2 protein chains.
Amino acid sequence: MRIKRETDYAIRCVVHLVRRPGEVASIEEISKGILVPKKFLAKILQKLAGAGIVKSHRGAKGGFELARDPALINFLDIMEAIQPVEMNICAMDDRLCSLSNACAVHPVWVEVREEVRAILAIRNFARFRAGP
Amino acid sequence: MRIKRETDYAIRCVVHLVRRPGEVASIEEISKGILVPKKFLAKILQKLAGAGIVKSHRGAKGGFELARDPALINFLDIMEAIQPVEMNICAMDDRLCSLSNACAVHPVWVEVREEVRAILAIRNFARFRAGP
DNA sequence: ATAATCAAGATTAAATTAGTCCTGTTTTGT
DNA sequence: ACAAAACAGGACTAATTTAATCTTGATTAT
């Protein structure tokens with residue numbers, strides 16, 4: 001079980017923005033900073049903007065900045081924006097779940113899912129601020 | 001982030017065996033019981049056998065049984081056998097990690113990975129035993 | 001106006017996951 | 001010994017997901 005490259009990119013992108021507080025960074029600039037293909041990064045930033053994690057500015061001198069304080073953005077926020085924590089397939093095939101006794105497993109996946117979400121939620125981006 | 005179908009199958013398979021203590025179940029029988037394609041299930045059982053979770057018996061009247069008490073088999077054991085918890089890509093691209101300041105993220109993924117493994121490890125299969 | 005920059009859908013390419021096929025080996029029962 | 005009932009394991013195919021690019025359009029500072 002591993003995270004997608006896209007999620008890794010998204011997190012590195014947010015870290016990049018955390019380190020440039022108050023600045024508006026262009027896709028070009030971020031792309032060079034974190035070594036991610038420009039067009040692919042553009043898609044990721046759209047998702048982050050859609051989730052309210054970053055704010056976009058269009059037009060010349062446009063770009064992106066964090067939408068709120070890094071302490072108020074956590075790893076779960078990013079995951080939700082890019083690849084929600086689902087865990088469990090059996091939750092999605094109710095027909096099978098109701099017929100087969102095997103789906104005593106279902107509630108276990110639900111618990112695990114919630115605990116994984118909690119683990120991600122307690123990790124915020126304050127730790128990545130530029131040193132004093 | 002979701003588990004593979006194969007992992008779901010593997011867990012349902014182990015639950016099936018938990019419910020038939022002392023029996024040797026054939027692939028045919030398990031396959032019908034949990035509604036998983038026979039040949040695919042065969043591959044999964046090979047992995048579970050390789051991980052020492054089930055014991056296989058070849059030849060006529062052959063089949064599979066649990067290798068140990070259900071209380072001593074947990075969800076992490078199954079994951080390790082089918083799709084290890086890795087989480088983190090950045091751990092696997094050291095070149096990038098050492099060059100880019102973005103990889104202050106690396107240790108976070110390592111922590112998350114360990115905690116997810118712990119969550120899976122505390123869930124054993126005793127709960128799926130047939131009722132009294 | 002125009003150059004810089006984001007928006008968004010369509011498309012392609014690569015990788016992973018899911019599943020099948022075939023051939024061989026082991027074991028039980030006659 | 002031999003046939004039938006299983007598992008073993010590699011090669012192969014199909015489906016799905018992930019990764020990335022292409023194209024065209026909209027917005028904004030100067």
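Quantities reported herein were computed from a predicted structural model and do not represent experimental measurements. Order of the sequence lines sets the chain letters (A, B, ...), proteins ahead of strands, with each chain counted from 1.
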Rounded to the Å, how far apart are B:K39 NZ and D:dA14 C1'? 16 Å
B:M1 vs A:M1, side chain to side chain contact (heavy atoms under 4.5 Å, CB included): CA-CA, chis, key distance, verdict: CA-CA 8 Å; B:M1 190 169 54; A:M1 190 171 52; 3.9 Å; yes
Looking at the base of C:dG19, is there any donor atom on it, or on the side chain of B:K38, that sits under 3.5 Å from an acceptor on the other one? no
With rounding to the nearest 0.5 angstrom, report the OG1 to CZ distance, A:T7 to A:R5. 12.0 Å
Every protein N/O lying under 3.5 Å from an N/O of nucleotides 3-5 of chain C:
residue, atom, partner, partner atom, Å
C:dA4, N3, A:A60, N, 3.3
C:dT5, O4', A:G59, O, 3.4

Are A:V85 and A:I11 connected, step by step, through hydrophobic side chains (Ile, Leu, Val, Met, Phe, Trp, Tyr) whose heavy atoms are closer than 4.5 Å? yes
With no hydrogens and no angle check, is any side-chain donor or acceptor of B:R68 less than 3.5 Å from a backbone partner on B:G52? yes
Just to confirm, is there a sub-4.0 Å distance from OP1 or OP2 of C:dC6 to any side-chain nitrogen or oxygen of A:Q46? no
Keeping B:Q83 on the side-chain end and B:K4 on the backbone end, is there a donor-acceptor pair under 3.5 Å? yes
Determine whether a donor-acceptor pair (one donor, one acceptor, N or O, separation below 3.5 Å) exists between the side chain of A:K43 and the base of C:dA8. yes
Between the main-chain N or O of A:V15 and the side-chain N or O of A:R19, is there a donor-acceptor pair closer than 3.5 Å? no
Could you state the atom-to-atom distance from CD1 of B:I82 to C1' of C:dG19 in whole Å? 15 Å
As a quick check of understanding, evaluate side chain to side chain contact (heavy atoms under 4.5 Å, CB included) for B:V105 and A:F75, giving each step before the final call. CA-CA 10 Å; B:V105 183; A:F75 275 54; 4.0 Å; yes
Is B:Y9 near enough to C:dG19 that one of its side-chain N or O atoms lies under 4.0 angstrom from OP1 or OP2? yes
Tell me the interatomic distance from A:L41, atom CG, to D:dT21, atom P, rounded to whole angstroms. 11 Å
Specify the separation, in whole Å, of atom CD1 of A:I44 and atom C1' of C:dA8. 15 Å
Rounded off to whole Å, could you give me the CZ-to-C1' distance for the B:F40 and C:dG19 pair? 6 Å
May I have the distance from B:L45 (atom CG) to C:dG19 (atom P), rounded to whole angstrom? 15 Å
Between A:I53 and A:F125, does a side chain to side chain contact (heavy atoms under 4.5 Å, CB included) hold up when you go through it step by step? CA-CA 12 Å; A:I53 296 166; A:F125 284 81; over 6 Å; no
Sequence neighbours excluded and cut-off under 3.5 Å, please list the side-chain donor-acceptor pairs for residues 33-43 of chain B, or say none.
residue, atom, partner, partner atom, Å
B:K38, NZ, B:E28, OE1, 2.9

Atom pair distance, as rounded to whole Å: CG in B:L35 and P in C:dA18: 17 Å
Any protein N or O atoms within reach of nucleotides 12-17 of chain C? Criterion: under 3.5 Å, listing atom names and distances.
none

Taking the side chain of A:S56 as its heavy atoms from C-beta onward, which of D:dA20, C:dT20, C:dA7 lies nearest to it? C:dA7
Find the distance B:K47:NZ to D:dG9:P and express it as a whole number of Å. 13 Å
